[in-house]
Amino acid sequence: MSAKKVKVRFAPSPTGDLHVGNIRTALFDWAYARHTGGTFLFRIEDTDTTRVTDEYIQAAIDTLKWLGLQWDEGPEVGGPNGPYLQSQRLDIYAEWAQKFLDQKDAYHCYCSPEELEAVREEQRKANVAPGYNGHCRELTADQIAAFKAQGREGVVRMRMPDGTTTFVDEIRGEVTFDHKFVPDFVLVRADGSPLYTLAVAVDDILMGVTHVLRGEDLLSSTPRQIRVYQAMGVPLADYPAFAHLPFVMGQDNAKLSKRNGEVSIAWYREQGYLPEAICNYLALLGWSPGDDRENISMKELTELFTVEKVHSSPARFDMKKLEAINGDKIRALSVEDFAHWTIPFLKKSGVIQGTDAEIALVKQALPLIQERIVKLDEAPQLLKFLFVKEFAIDSDAVSKVNDESAQSILKRAQSELEQLSTWNHESIEAALRTSLIEEMGLKPRIAFTALRIATTGSTISPPLFESMELLGKQACLSRISLALSL
RNA sequence: GGCCCCGUCGUCUAGCGGCCUAGGACUCUGGCUUCUCAAGCCAGCUACGCGGGUUCGAAUCCCGUCGGGGCUACCA
């Protein structure tokens with residue numbers, strides 16, 4: 001390996017929102033660039049104008065930003081090899097296609113889609129490798145004129161010479177493809193627009209990419225990229241190194257689907273997953289630091305990540321493990337950071353408007369729930385009792401406070417709390433333990449459940465005494481008397 | 001069908017010929033703790049796809065087989 005400075009690219013084709021597989025690739029690309037002190041290049045492969053949309057492109061950009069995968073070259077930040085949207089580089093591809101044509105490395109093919117399909121159909125029937133049969137490889141000027149007279153527009157097709165292509169995949173080792181199974185492929189559509197096969201190879205070379213880390217679905221297209229390098233006259237030493245990352249699959253068997261995880265990153269955001277948790281979890285899919293470490297920060301990832309440690313076998317996406325890591329990351333947050341992440345969820349759910357007084361109370365309450373939630377979207381439910389204007393006990397909990405024993409507990413608690421001069425969780429707990437547990441001889445679970453429901457409205461809440469302290473004496477007493485009136 | 005890639009607990013993985021009666025994590029089960037829910041702590045369940053080799057010795061090397069996946073587009 002040369003001492004050339006590493007340049008890694010992430011080059012998605014935004015035909016939809018980026019899913020976890022894409023993001024894992026982006027993460028590895030980024031981590032490798034950072035690990036080697038190289039450049040992380042972000043390129044948009046939007047040559048398929050029928051499937052890529054501006055919205056998806058913008059979403060991809062936003063997603064990388066949200067995850068903290070900052071790129072050194074690419075959309076918005078620019079760079080010496082721009083533009084970084086392939087749709088803005090059409091003239092470059094056209095030039096190279098013409099050069100390949102002039103060199104006879106490529107040729108015009110006038111076969112219609114129907115004709116090609118018919119050929120493939122026959123090949124399948126004959127149990128022969130399907131693929132272009134070279135029909136238009138050696139057309140004469142007359143034949144070309146005849147096709148044009150029919151109104152046919154040709155595509156530009158790359159000539160695959162006999163032989164084999166062997167390359168070293170940094171993850172899988174040496175891989176060889178016989179050209180018998182790599183048919184002449186199309187570089188330019190009949191309408192003159194370039195295809196991935198052309199654009200990806202040209203751009204990787206022109207942009208000085210040294211390492212291509214991408215999904216293993218592209219493994220078998222590598223010989224075609226190499227063929228383009230050859231036609232471009234690129235010396236072997238300047239070919240990028242290839243590393244094909246294993247798939248991230250869904251719970252059951254194959255590809256990810258909406259049901260098991262292939263949803264836009266926006267979904268994870270709305271659910272309250274932290275970017276760091278997503279990256280940490282995804283880093284562990286197809287890679288491991290080699291020891292038992294599983295809690296890995298972004299910084300540690302850049303220090304530890306090497307391609308040698310990437311697996312060759314696919315990994316299944318497991319939401320449960322992601323949740324566990326997210327919970328760990330939430331618990332590790334400082335109160336300030338936890339507030340920063342949580343407040344938007346409280347606002348969005350309408351629990352708070354965002355006033356200074358509300359924020360101050362939220363910050364006091366957050367430590368009570370920090371170790372109780374796995375995702376940020378659970379916060380509103382746990383804290384809403386502190387902010388509701390019109391308090392009401394959950395319908396499924398009412399029956400647990402309107403019976404005789406609960407009422408007697410609440411009555412006693414009410415009189416004890418009314419007399420309390422100092423209102424904090426220590427004094428509240430002391431008073432209630434003395435009266436309810438010691439004097440009335442109640443089980444803590446019984447006594448405090450009644451109070452929990454009366455004051456927070458739910459059978460599940462943050463710790464009771466701390467909750468009551470934050471709620472305030474007035475509110476507690478009025479809620480208890482409300483429960484007493486049931 | 002053809003070509004290519006892959007194969008350790010349910011899942012993610014450690015393991016790169018002896019340290020493996022296979023370790024860790026998540027999940028699950030049971031217990032402890034306990035004002036609910038969590039968190040925390042302890043314990044338990046469960047794996048080298050199969051069959052041949054090579055070797056004193058194989059999860060680790062080789063072959064075959066089975067299974068999974070990808071590609072086979074004027075998608076990427």
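For the P atoms, the distance linking A14(B) with U55(B) amounts to 30 Å, nearest Å. A distance of about 15 Å separates the C1' atoms of U46(B) and G24(B), rounded to the whole Å. Nucleotides U60(B) and G18(B) have their P atoms positioned 12 Å apart, rounded to a whole Å. Nucleotides C63(B) and C48(B) have their P atoms positioned 23 Å apart, rounded to a whole Å. Between C28(B) and U11(B), the two C1' atoms lie 12 Å apart (nearest whole Å). Spacing of C1' atoms, G30(B) relative to G23(B), comes out at 23 Å, to the nearest Å. Spacing between G64(B) and A43(B) at atom P, rounded to whole Å, works out to 45 Å. When the C1' atom is used for both A58(B) and C42(B), the distance is 35 Å, rounded to whole Å.
Proximity note for Asp318(A) (side chain, C-beta onward) versus C28(B), U13(B), G10(B): the nearest is G10(B). Comparing U13(B), U36(B), C26(B) by their closest approach to the side chain of Ile460(A) singles out U36(B). Distances from the side chain of Leu195(A) to the nucleotides G24(B), G15(B), A76(B) place A76(B) closest. Comparing G69(B), C37(B), A76(B) against the side chain of Thr47(A) picks out A76(B) as the nearest. Among A14(B), C26(B), C12(B), the nucleotide with an atom closest to any side-chain atom of Lys320(A) is C26(B). Candidate nucleotides G70(B), U36(B), C12(B) were compared by shortest atom distance to the side chain of Pro463(A), and U36(B) ranks first.
Remark: the Asp203(A) side chain and the Gln86(A) side chain contain an N/O donor-acceptor pair separated by less than 3.5 Å. For the 3.5 Å distance criterion, the side chains of Thr25(A) and Asn22(A) fail to qualify, holding no donor opposite an acceptor. Donor-acceptor pairing under 3.5 Å is recorded for the side chains of His244(A) and Arg214(A).
Taking the centre of each ring, Phe28(A) and Phe10(A) stay at or above the 6.0 Å mark. Ring to ring, Tyr132(A) and Phe185(A) are not that close: their centroids are 6.0 angstrom or more apart.
Within residues 363-377 of chain A, the residues that have a heavy atom under 4.0 Å from RNA chain B are, in order of number, Glu371(A), Arg372(A).
The nearest heavy atom of RNA chain B to Arg224(A) and to Thr449(A) marks one nucleotide each, and the one closer to the 5' end goes with Thr449(A). Of the two residues near RNA chain B, Arg445(A) and Asp191(A), the one whose nearest nucleotide lies more 5' is Arg445(A).
For Glu294(A) and C12(B), the CD to C1' distance is 7 Å, given to the nearest whole Å. If you take CG of Leu464(A) and P of U34(B), they are 17 Å apart, rounded to a whole angstrom. Atom CD of Glu466(A) and atom P of A38(B) are 18 Å apart (whole Å). Put simply, CD1 on Ile409(A) is 15 Å from P on C35(B), counting in whole angstrom units. Between the CZ atom of Arg316(A) and the C1' atom of A25(B) there is a distance of 17 Å, given to the nearest Å. In this structure, the CD atom of Gln123(A) is 13 Å from the C1' atom of A73(B), given to the nearest Å. For the pair Phe10(A) CZ and A76(B) C1', the interatomic distance rounds to 12 Å; values are reported in whole Å. Between the C1' atom of C12(B) and the CZ atom of Phe247(A) lies a distance of 18 Å, rounded to the nearest Å.
The base-pairing partner of U60(B), taking Watson-Crick or G-U wobble contacts with both distances under 3.5 Å, does not exist among the strands shown. Partner assigned to G49(B) is U65(B), using Watson-Crick or G-U wobble distances below 3.5 angstrom. With both pairing distances under 3.5 Å, C32(B) is matched to G40(B) as a Watson-Crick or G-U wobble pair.
Among the atoms of the strands shown, base atoms are found under 4.0 Å from some heavy atom of Pro113(A). Within 4.0 Å (heavy atoms only), Leu285(A) reaches sugar-phosphate atoms of the nucleic acid but no base atom. Here Val155(A) lies in heavy-atom contact (under 4.0 Å) with a base. If you check every strand for non-hydrogen atoms under 4.0 Å, Leu218(A) touches a base.
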Reading nucleotides 2-9 of chain B 5' to 3', which nucleotides get B (base under 4.0 Å from a protein heavy atom), which S (sugar-phosphate only), which -? SSSSSS--
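Using a cutoff of 4.0 Å between basic side-chain nitrogens and carboxylate oxygens, Glu122(A) and Lys125(A) are not scored as salt-bridged.
With rounding to the nearest 0.5 Å, the separation of CD1 in Ile44(A) from CD in Gln58(A) is 9.0 Å.
With sequence neighbours left out, Glu308(A) forms a side chain to side chain donor-acceptor pair (under 3.5 Å) with no residue at all.
Taking both residues in full, the closest heavy atoms of Thr459(A) and Arg452(A) are given as O-CD, 3.2 Å, listed atom of the first, atom of the second, then distance.
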